[in-house]
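Residue numbers begin at 1 in each chain, while the letters A, B, ... track the order of the sequences.
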Amino acid sequence: MAIEPFQILDEEGRARPDLAPDLPGEDHRRLFEVLLCTRRLDERMLLLQRQGRIGFYLGCTGEEAVAVASAYALRPSDWIFPCYREHGAVLWRGMPLGLFVAQCYGSRDDITKGRQMPIHYAWREANVASVSSPVATQIPHATGMAMAARLRGSEDVALVFFGEGSSSGGEFHVGVNFAGVFKAPVVFVCRNNGWAISTPASRQSAAESYAVRAVAYGIQGELVDGNDILAMVVKVREAAARGRRGEGPTLIEARTYRMGAHSSSDDPKAYRDPQEPERMKARDPLVRYRKYLAARGLWTEAWEAEIEERFAREVSEAIARTEKAGPPPLESLFEDVYAEPTPELVRQRQELAAQLGARRKAAAA
Amino acid sequence: MAIEPFQILDEEGRARPDLAPDLPGEDHRRLFEVLLCTRRLDERMLLLQRQGRIGFYLGCTGEEAVAVASAYALRPSDWIFPCYREHGAVLWRGMPLGLFVAQCYGSRDDITKGRQMPIHYAWREANVASVSSPVATQIPHATGMAMAARLRGSEDVALVFFGEGSSSGGEFHVGVNFAGVFKAPVVFVCRNNGWAISTPASRQSAAESYAVRAVAYGIQGELVDGNDILAMVVKVREAAARGRRGEGPTLIEARTYRMGAHSSSDDPKAYRDPQEPERMKARDPLVRYRKYLAARGLWTEAWEAEIEERFAREVSEAIARTEKAGPPPLESLFEDVYAEPTPELVRQRQELAAQLGARRKAAAA
Amino acid sequence: MAVMNIIQAVNSALMNEMERDERVVVLGEDVGKFGGVFRATQGLQARFGEARVFDTPLAEAGIIGTAIGMALYGLKPVPEIQFADFIFPAFDQIVNELAKYRYRSGGQFGAPVVIRTPYGGGIKGGHYHSQSPEALFIHTPGIKVVVPSNPYDAKGLLISCIRGDDPVLFMEPKRVYRAARGEVPETAFTVPLGEAKVTRAGKDVTLLGWGSMWWECDKAAKAAEERGWDVELLDLRSLMPLDVDSIERSVKKTGRVVVVHEAPRTCGFGAELSALVAERWIEYLEAPIVRVTGYDTPFPYTLENEYLPDPNKILAAIEKVMTF
Amino acid sequence: MAVMNIIQAVNSALMNEMERDERVVVLGEDVGKFGGVFRATQGLQARFGEARVFDTPLAEAGIIGTAIGMALYGLKPVPEIQFADFIFPAFDQIVNELAKYRYRSGGQFGAPVVIRTPYGGGIKGGHYHSQSPEALFIHTPGIKVVVPSNPYDAKGLLISCIRGDDPVLFMEPKRVYRAARGEVPETAFTVPLGEAKVTRAGKDVTLLGWGSMWWECDKAAKAAEERGWDVELLDLRSLMPLDVDSIERSVKKTGRVVVVHEAPRTCGFGAELSALVAERWIEYLEAPIVRVTGYDTPFPYTLENEYLPDPNKILAAIEKVMTF
Ligand SMILES: Cc1ncc(C[n+]2csc(CCOP(=O)(O)OP(=O)(O)O)c2C)c(N)n1
Ligand SMILES: Cc1ncc(C[n+]2csc(CCOP(=O)(O)OP(=O)(O)O)c2C)c(N)n1
Ligand SMILES: [Mg+2]
Ligand SMILES: [Mg+2]
């Protein structure tokens, strides 16, 4: 187990020639574009939250490379089980901004029907599972899906994200252990961003790393610089290929850093030295990758400006559309509890509709 | 991490002179006595179960050394959190046979008041926590007790037993992880007896050992021959001393073997090659230790016969007493739910008493 | 038709459905070669292979958590929890994940996992081999709760659950696992969810029971007959969804209700039934409803017969409502 | 006396008790330096040190599991579960271990762990920052369940819990964490468990509520007054043990009962209350009992106002029992 994280790009954006993957220029540019848009999306949504136009937001600034690289390194048919800080992965998979924004508003055009807090998306069409607030619960789901894929003779692989804090929960242990025992093709991506709300990573484990835990499950472990998009691409690709070859799961610890607050409800000033994120700026995955691309002639300022402009416009359009959509219909409250509503649910729906009807009538009178 | 279990006594009962602990002869003899009595207790209780005099039994034949050595290596003030197969540990601590037998009968003289199935003892006076059927739940209790001891400035250490199967549960992970993070003085004894009911140890983990999991928690790990009582004494002593020095917990994998059925409800013929226990007889901890003591002049056949005879008599007396004791009183059903019964519990008690009273009256009439 | 006990009926249902639908898989502790500690999955691994019938590591959260993942991918997992008392390590997976997955994804995903588990007392199992936690799951929107009392229903209901699209907790009355015997077709058939069965028609008292308690109710009903009380006994079978219509019909006829369950009284399912009946049809009630239940204590060992509802206690309750 | 909100009252209780009894320790996620995501433990670590007030790894089973061990050894742990929705990973530890430890050891051991947790909806928290799981714990013999609605009770009840010898689930109504303000002594005092408070005397209808729903009930009671209905409002405060006597007195006076809670209707604590009242005092009832509750769905996000009981819905229920 390496003590130093696997790295390809240094802080100046110089790549190790022996390690750098040979990606097509178009892929590089698309990766950069999604990194950049993810960052801008965060800024825009946080602003909306501060304006009171959405109720909550949780950003991923500084951690985008982990998610974008992981999604890129997979096949579209592979399944992603997100934690809640991997907006870059769904953007990579092409989630229309309208879906993302509508989910944050919980409006009528939200495909999850306004049932969960912002950023708890689910997108079956693209093999993206449903985000859940209770942390770590998605880990055994990924294992189960991967076991099912093997059973069905498919080559599909599962990739699951979770924070280093979440890895303290029992579901980390059972999920990874099952995968080890059943040699399930899962890529476990432990996104170690240094913090779990106010709790530093040092309080979550006394081990030298999270990657080293792979030994406890008899599986492959990798410690990777999660702010190095190329390093992440290489290691997730290897892990997915290993899974597809029937060689079982991989536990990747992606070392990254939470640049912002935990969420819009949080204020890190109460617990974190403000110098810490300042120092970490040198490792910014977007900046490093930009330098790398620039040096290879794949980036220009004009191109970046063009992406930004287009993206800002698309987000604005999505917001405008969603803000006009209104809330989901009342009946939707009672749908999807079961495949078909039970008689009692029908009764409750009628009861509520009658009550609101009466109230409206009374108000009108 | 050693790949071969730490061993002092070989199968012929020869000790490695460089490793053998220098125990007083009296201790050796007492250790042997408790090992032997534990074995005999199993036989006797299983017989009672077959005769229908107790409802259930779960034995530890072949695994006695793990428990007896562990208890011996501790101070009496240290706490023991048993799983359910460590009768040797409570016998070492001097549990009166009457208590053990009464618990198995759930009779009026059972200090746990007939509340649980046989072998679910609890013995506060001797710092033995309460046995619970749900496996692995006691692991975080041990960690918490050890954290509390440190906080109170005490030197007390916690020792917790659990099976290798139980270590697949989430509570293993959280319990050991907390201990690592808080440097709690806990000795985790994973009793790897090869089986979890019908499930072989190979189905519980893909790792090379259970001891290796210590790496995942940044703590000391030890792989020990659990059928070698001297090896267990040495390693548990080291672990307890480490804890007392403030150096945190130790995870010991004690390799042993379940010679019998999982419990009186089980029949291994349905899933286990009967040759397997036969082969394992060569590693019997009692036999090895007997040879060792005999070679050192600490054992005679007459002495063993005397122990057996006395023990058999004591058990018989305990059984006779308990069989006369009758069931716990009806009121006891409603005690100890809370420190004081709630008004509703008092009401329920009265309701039941009245009902049974009426029934008795009707029967008499 | 063969005579089967409940274990055999469950086994037969699993055989039929695994044969019929290759997406059905069985997992859990000791369910493979051993066929389960109660032998309900016996022979499945030999017939359908280790890929579809397999032992898991000892971790209920893993059993249910991976089953959810399998179901999301399109399988129909039928995990076994060895005893209902051991379901709690998986409680978060069941309550926060399994039950809410369809709703929270806006209906995009479903996770039709059918959890089989033996429940209940009367086998000298003490605290941890006796519990009846149905109320906890009935209170959890998104999961169905089904409890057969006899082999025929066990098979027909289990097949309905497996063919359905929803998560189900299928609770098997282990006390009568072998004692309850009856004719059961060897081929597949279904008993629909959400329908109670009137197992005895009567005009004086409505007795509501399910699972192993149905048997105690039946004995009590017979004893009541000798006393001249005509008991109508409903085997509820499916607790969620509940067959409110059948209850209504019976209550309106008899005007007297006794509810029986093993779980502790306070906040047990009996509370819901009692509340529901009195809230909706109070004007039909000739007497207060009586609940005969376990007490508000953990499940005891030695005194379990005193703890459990039995025909005497039920008869006393019938007497109470008849003589109010 | 100072004016405090509920967060400050809880904080004050912890300060007093940690000062008074060095066995009291506080643990949980983010409770240390940060003082908790709702800041209820703010300042405790600075005052009492890292040994007695500490952040744990992110694992509720570990928080409760280690707290049990600490309590067995003689400490008085007051763990925080960050949101009631996240208590389920610790469900096995609470239901099978904490609640049963005294009973199963024949009274040899006690584990007086007081679990604090914010619960309830109305803060746009969706599925997982809104649940009200009280019924699950009330159904679990061996643990008490306490829910204050205001700062005074919050402090007095929490101190009673900490000084008691039993495990308690102390549920804090986060929706009114800051909005509910009132005079609270800075020194320690106790409010006994098992006593409801009649916060408004009335002769027509008994309204039973607790926690944040008490506030909705209070508004509804005032609105009812305008309609000429005289509501008696009970703040139950302690759900287990329950103050049956106060309920009895009120029901016998009014003959009409409305029960309000946020949790889903089926098998919620309202079912127990409704059942209990109708079973014991049916002859006093002038109208069927009405429950105003959350619906039998997971807790929604956008439509949470439609989901939750509110003064309008409660008033409609009052009207229903008054005009029966
Ligand atoms: C089971 C559970 N307990 C507590 C919480 C509250 N909570 C939300 S996020 C969080 C910290 C998670 O930290 P980490 O896993 O490192 O992920 P990160 O937020 O740093 O990406 C906590 C404690 C939760 N969501 N789920
Ligand atoms: C949480 C839980 N799940 C299932 C069981 C049923 N059960 C009892 S013992 C056992 C096997 C335990 O194996 P192991 O931990 O290796 O201990 P051993 O019996 O071999 O000593 C199982 C599955 C249980 N007691 N608790
Ligand atoms: Mg983190
Ligand atoms: Mg074992």
Side-chain angles (χ1 to χ4, degrees), chain B residues 79 81 103 110-116 120-125 129-134 136-152 154 156 158 169-171 173-175 177-182 184 186 328 332 335-345 347, chain D residues 22-23 25 27 49 51-52 54-75 77 89-90 92-93 95-113 141-144 164-167 193-194 240-245 276:
Chain B
W79 283 46
F81 292 80
Q103 198 287 322
D110 168 17
I111 58 170
T112 64
K113 304 192 189 176
R115 300 260 170 75
Q116 288 209 83
H120 289 65
Y121 31 76
W123 191 26
R124 181 169 199 169
E125 215 179 285
S130 158
V131 172
S132 179
S133 313
T137 51
Q138 73 279 16
I139 301 175
H141 303 172
T143 301
M145 176 261 141
M147 290 166 71
R150 284 199 87 190
L151 178 65
R152 303 290 278 170
S154 142
D156 295 348
E171 270 141 327
H173 180 62
V174 300
N177 192 45
F178 270 57
V181 166
F182 293 109
V186 193
S332 74
E335 288 163 7
D336 306 319
V337 183
Y338 303 95
E340 298 294 332
T342 61
E344 282 306 297
L345 277 169
R347 198 187 155 96
Chain D
E22 60 170 17
R23 296 170 309 163
V25 298
L27 66 157
R52 290 181 62 201
F54 54 91
D55 291 336
T56 63
L58 205 180
E60 288 75 13
I63 294 171
I64 304 303
T66 57
I68 293 172
M70 292 173 204
L72 294 176
Y73 194 71
L75 297 189
D92 190 46
Q93 282 291 340
V95 162
N96 267 341
E97 297 295 317
L98 181 61
K100 297 184 176 42
Y101 218 107
R102 181 185 291 278
Y103 196 77
R104 80 179 193 217
S105 67
Q108 292 181 78
F109 291 97
V113 174
I143 186 163
K144 296 180 170 175
D165 293 317
D166 292 311
L193 268 56
M240 169 58 69
L242 181 67
D243 182 355
V244 176
D245 293 343
L276 187 125

Quick check for you: to the nearest 0.5 Å, what is the distance between [X] atom [atom1] and [Y] atom [atom2]?
{"X": "D:Met70", "Y": "B:Met147", "atom1": "CE", "atom2": "CE", "value": "3.5 Å"}
{"X": "D:Leu75", "Y": "B:Arg152", "atom1": "CG", "atom2": "CZ", "value": "6.0 Å"}
{"X": "B:Ser130", "Y": "D:Phe109", "atom1": "OG", "atom2": "CZ", "value": "7.5 Å"}

Below 4.5 Å from any heavy atom of chain D, which atoms of [X] appear? Answer side chain, backbone, both or neither.
{"X": "B:Leu151", "value": "side chain"}
{"X": "B:Phe182", "value": "side chain"}
{"X": "B:Arg150", "value": "neither"}
{"X": "B:Arg115", "value": "side chain"}
{"X": "B:Gln103", "value": "neither"}
{"X": "B:Ala146", "value": "neither"}

Next on the checklist: For B:Arg124 and D:Ser105: C-alpha separation, side-chain torsions, deciding distance, then whether side chain to side chain contact (heavy atoms under 4.5 Å, CB included) applies.
Outcome noted: CA-CA 9 Å; B:Arg124 181 169 199 169; D:Ser105 67; over 6 Å; no
Between chain D and each of [options], count heavy-atom pairs under 4.5 Å; write down the option with the most.
{"options": "B:His120, B:Glu340, B:Glu335, B:Met145", "value": "B:Met145"}
{"options": "B:Val181, B:Val174, B:Thr143", "value": "B:Val174"}
{"options": "B:Ala184, B:Ala129, B:Gly175, B:Ser332", "value": "B:Ala129"}
{"options": "B:Ala122, B:Ala179, B:Pro328", "value": "B:Ala122"}

Item to check | Test side chain to side chain contact (heavy atoms under 4.5 Å, CB included) applied to D:Gln108 and B:Thr112, step by step | outcome: CA-CA 8 Å; D:Gln108 292 181 78; B:Thr112 64; 3.8 Å; yes
Checklist entry - Taking all non-hydrogen atoms of both residues, which atom of B:Thr342 and which atom of D:Pro241 are closest, and how far apart? => result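 So the two residues come closest at CG2-CB, 3.9 Å.
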Checklist entry - Looking at D:Asn96, D:Asp92, D:Leu98, which hits side chain to side chain contact (heavy atoms under 4.5 Å, CB included) with B:Thr137? => result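 In the set D:Asn96, D:Asp92, D:Leu98, the residue that makes a side chain to side chain contact (heavy atoms under 4.5 Å, CB included) with B:Thr137 is D:Asp92.
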Could you tell me which portion of [X] (side chain, backbone, both or neither) has an atom closer than 4.5 angstrom to a non-hydrogen atom of chain B?
{"X": "D:Ala67", "result": "neither"}
{"X": "D:Leu72", "result": "both"}
{"X": "D:Ile63", "result": "both"}

Item to check | Student check: side-chain heavy atoms of D:Glu97 and B:Pro134 closer than 4.5 Å | outcome: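 Result yes, sub-4.5 Å side-chain heavy-atom pair found.
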Between [options], which residue shows the highest count of heavy-atom pairs closer than 4.5 Å to chain B?
{"options": "D:Gly142, D:Ala59, D:Gly107", "value": "D:Gly142"}
{"options": "D:Ile143, D:Ile64, D:Leu27", "value": "D:Ile143"}
{"options": "D:Met240, D:Lys144, D:Arg52", "value": "D:Lys144"}
{"options": "D:Ile68, D:Leu193, D:Val25", "value": "D:Ile68"}
{"options": "D:Pro77, D:Ala51, D:Ala61, D:Pro57", "value": "D:Pro57"}

Please determine, by modelled atom types, if [X] and [Y] share a side-chain donor-acceptor pair under 3.5 angstrom.
{"X": "D:Asp165", "Y": "B:Tyr338", "value": "no"}
{"X": "D:Gln93", "Y": "B:Glu171", "value": "yes"}
{"X": "D:Tyr73", "Y": "B:Ser154", "value": "yes"}

